[in-house]
There are 2 protein chains.
Amino acid sequence: MKYQNEEEMLQHYDSKEYVTPDGYTADIAVFTIELAYKEEYKPPKAELKLLLIQRAKSDKDGEPHIQGGKWALPGGFVKPDETASKAAVRELSEEASVNNIKLKHFGVYDTPGRDKRGWIISNAFYAIVTNDYLYKRKAADDAENVGLFTLKEIDQLELAFDHKIIIHDAFQMIRKDLLQTTVAKEFLPKEFTLSELRSVLLLVSDDPGIVNNSAFVRDAPKYPFLEEARNQKGEIKKTNRTAKQMTRMFRFKDFQPMPSIY
Amino acid sequence: MKYQNEEEMLQHYDSKEYVTPDGYTADIAVFTIELAYKEEYKPPKAELKLLLIQRAKSDKDGEPHIQGGKWALPGGFVKPDETASKAAVRELSEEASVNNIKLKHFGVYDTPGRDKRGWIISNAFYAIVTNDYLYKRKAADDAENVGLFTLKEIDQLELAFDHKIIIHDAFQMIRKDLLQTTVAKEFLPKEFTLSELRSVLLLVSDDPGIVNNSAFVRDAPKYPFLEEARNQKGEIKKTNRTAKQMTRMFRFKDFQPMPSIY
DNA sequence: GCAATAGTGTCTGTAAGACAATATTCC
DNA sequence: GGAATATTGTCTTACAGACACTATTGC
């Protein structure tokens, strides 16, 4: 027996005796809903868009960049002292100047050959940012350009690596989560009107309980995860940003419902 | 410019210029429901259990094994020519002689320091096997022992790495999926009685629509993802394995419902 | 007053929950 | 007949969907 105990064995453990991955990356599908208040006193028209960056054709030394010119999800290599999730936060800040956002992991992409550089594993996250964050965005070091695209527009683009697949998965995931969890709140201001919430939900559902406006306003106040926004005096807050008539504002309560098919 | 194009650049790309992970593993939470038909003509009593292996204290050369003696999820290193998902299938077959099962990825565990051997990333899957598969199980090379445990029992065990966290996540995930998808079918034979389905659902829900037997049998036949099992003559198949009285059998249709909180 | 959104009322059919009653069958 | 599960029936209340109607307000 060469080693007496686990401590000693660990000192002799050398991972390079085995084949190890060549890289570990985090890619982020940054969703935003453009709540276009085109006219005053109108409920917004929502559009679900994804932020993509166009990869630079070459780096600062003039070397051609892998998959240069193609559009891609923001992301990059995870450093050994961080989790993929932390790397995602860092990359978003570096590449797209996007901060303070909600992240959720939704998949791992590790098909051999997906990246010509070698055995590279990608963790996919989706993030949701409200529109105003994106106004502050700017292209950074290895991003030539940044843009917002609908799923339809993305299908026309040439995408890097297997990002088209990742993006389709991301859209499916956000659709599911919008209906089964309260993530819709990430697309909305803290306090919102029912027509704003409804315009977000209409992106992903044609349930009559949502489409039918009367039914929606009748039932929404009863949802266990919503409550009316009130001021110090206990009065319901109102706004007229979606209609001439002042309308109630709501907020999400800290309650996670568990819908069931049974 | 050193390189003329992407081909040439790739030839010179050397991942070892960067720090890369020391390992990429797949761990599998193998669930099974023991449908104990203790007495004849009784609906089964269901218990949700997880398969764990006890890590060998040392390998065949007598070297101490990392985290030897502790209980752990079956799993192991992913090879460079496979996906984590494929590795999971292989490991299950090798370590626990479990084959032909449904796998679902549910998380990545990459907190620095989670494995003393270095920067090791684990993909977590859950798998569902019906009871009979497990009767064929046997401990293999680096597993000293194999056992089935309830969540309560697991909390008493000493577990390797961060497997206790992974296991808790796995139980949460299976609970959610049982209620929001049709995975329940993986715990059941292809054709089952309503009391068998109900005993599975009772593990994770106290919804009155499930608890109340009359309500359950009244509504279940109307679920869009269930249909009566019929023979060639078009008659509803029946069995008396859960009661003296013959009872209808059902099967899952190929329909994925999308429950909603709105 | 018009247009547009917010919110309420009405009606009908169906679903949910509780629970009673009946049916079947092995022993 | 008894025990145990399966299945149907009853009743009451709640909810869903459709849609008409009222309210508010800037122009």
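Letters go in sequence order (proteins before strands), and every chain restarts at 1.
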Undergrad: Between dA18(D) atom C1' and Phe216(A) atom CZ, what is the distance in whole Å?
TA: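 It is 18 Å, rounded to the nearest whole Å.
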
Undergrad: Once side chain to side chain donor-acceptor pair (under 3.5 Å) is applied, do any residues pair with Asp27(A), and if so which ones, sequence neighbours excluded?
TA: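 Here the qualifying residues are Ser122(A).
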
Undergrad: Rounded off to whole Å, could you give me the CZ-to-P distance for the Arg241(A) and dT5(C) pair?
TA: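 So the two atoms are 16 Å apart, to the nearest Å.
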
Undergrad: Between Tyr109(A) and Asn123(A), does any side-chain donor sit less than 3.5 Å from a side-chain acceptor?
TA: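 Asn123(A) and Tyr109(A) do not have a side-chain donor-acceptor pair below 3.5 Å.
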
Undergrad: With sequence neighbours excluded, tell me which residues meet salt bridge (Lys or Arg N to Asp or Glu O under 4.0 Å) with Asp162(B).
TA: Arg114(B)

Undergrad: Counting just side-chain N and O atoms, does Thr242(A) come under 4.0 Å of either OP1 or OP2 of dA6(C)?
TA: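 Checking Thr242(A) against dA6(C): at least one side-chain N or O falls below 4.0 Å of OP1 or OP2.
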
Undergrad: Quick one: which residue pairs count as a side-chain hydrogen bond (donor to acceptor under 3.5 Å, both in side chains) with a foot in residues 252-262 of chain A, not counting sequence neighbours?
TA: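 side-chain hydrogen bond (donor to acceptor under 3.5 Å, both in side chains) check on residues 252-262 of chain A returns Thr182(A)-Gln256(A).
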
Undergrad: When you check every protein heavy atom under 4.0 Å of nucleotides 12-22 of chain C, what one-letter string (B, S, -) results, 5' to 3'?
TA: ----BBBBB--

Undergrad: How close or far is atom P of dA6(C) from atom NZ of Lys244(A), stated in whole angstroms?
TA: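 It is 12 Å, rounded to the nearest whole Å.
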
Undergrad: Let me know the distance between CE of Met249(B) and C1' of dA6(D), rounded to the nearest Å.
TA: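 Whole-Å distance recorded here is 15 Å.
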
Undergrad: Can you tell me how far P of dA16(D) sits from OH of Tyr262(B), to the nearest Å?
TA: 15 Å

Undergrad: If the cut-off is 4.0 Å, is Ser195(A) near the phosphate of dA6(C), judged by side-chain N/O to OP1 or OP2?
TA: yes

Undergrad: In whole Å, what is the span from the CD atom of Gln245(A) to the P atom of dT5(C)?
TA: 12 Å

Undergrad: What is the separation between atom CG on Asn213(A) and atom C1' on dG7(C), rounded to the nearest whole Å?
TA: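 Nearest whole value for this atom pair: 9 Å.
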
Undergrad: Show every ring pair (Phe, Tyr, Trp, His ring centres under 6.0 Å) that has at least one partner inside residues 234-259 of chain A, sequence neighbours left out.
TA: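 Those involving residues 234-259 of chain A are Phe192(A)-Phe252(A).
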
Undergrad: Could you check Met246(A) against Val217(B) and say which one's nearest nucleotide on DNA chain D is further toward the 5' end?
TA: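 Going by which nucleotide is closer to the 5' end, it is Val217(B).
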
Undergrad: Kindly list each side-chain donor-acceptor pair under 3.5 angstrom involving residues 220-231 of chain A, sequence neighbours excluded, with atom names and distances?
TA:
{"residue": "Glu228(A)", "atom": "OE1", "partner": "Arg230(A)", "partner atom": "NH2", "Å": "2.9"}
{"residue": "Arg230(A)", "atom": "NH1", "partner": "Gly234(A)", "partner atom": "O", "Å": "2.8"}
{"residue": "Asn231(A)", "atom": "OD1", "partner": "Lys233(A)", "partner atom": "N", "Å": "3.0"}
{"residue": "Asn231(A)", "atom": "OD1", "partner": "Gly234(A)", "partner atom": "N", "Å": "3.2"}
{"residue": "Asn231(A)", "atom": "OD1", "partner": "Glu235(A)", "partner atom": "N", "Å": "3.0"}
{"residue": "Asn231(A)", "atom": "ND2", "partner": "Glu235(A)", "partner atom": "OE1", "Å": "3.1"}

Undergrad: Could you state the CG-P distance from Asn240(A) to dC27(D), rounded to the nearest angstrom?
TA: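 It works out to 10 Å between those atoms.
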
Undergrad: Does the side chain to side chain donor-acceptor pair (under 3.5 Å) test come out yes or no for Tyr126(B) and Asp177(B), once each step is laid out?
TA: CA-CA 11 Å; Tyr126(B) 74 70; Asp177(B) 285 351; 2.5 Å; yes

Undergrad: Out of dA6(D), dT8(C), dC26(C), which nucleotide sits closest to the side chain of Arg248(A)?
TA: dT8(C)

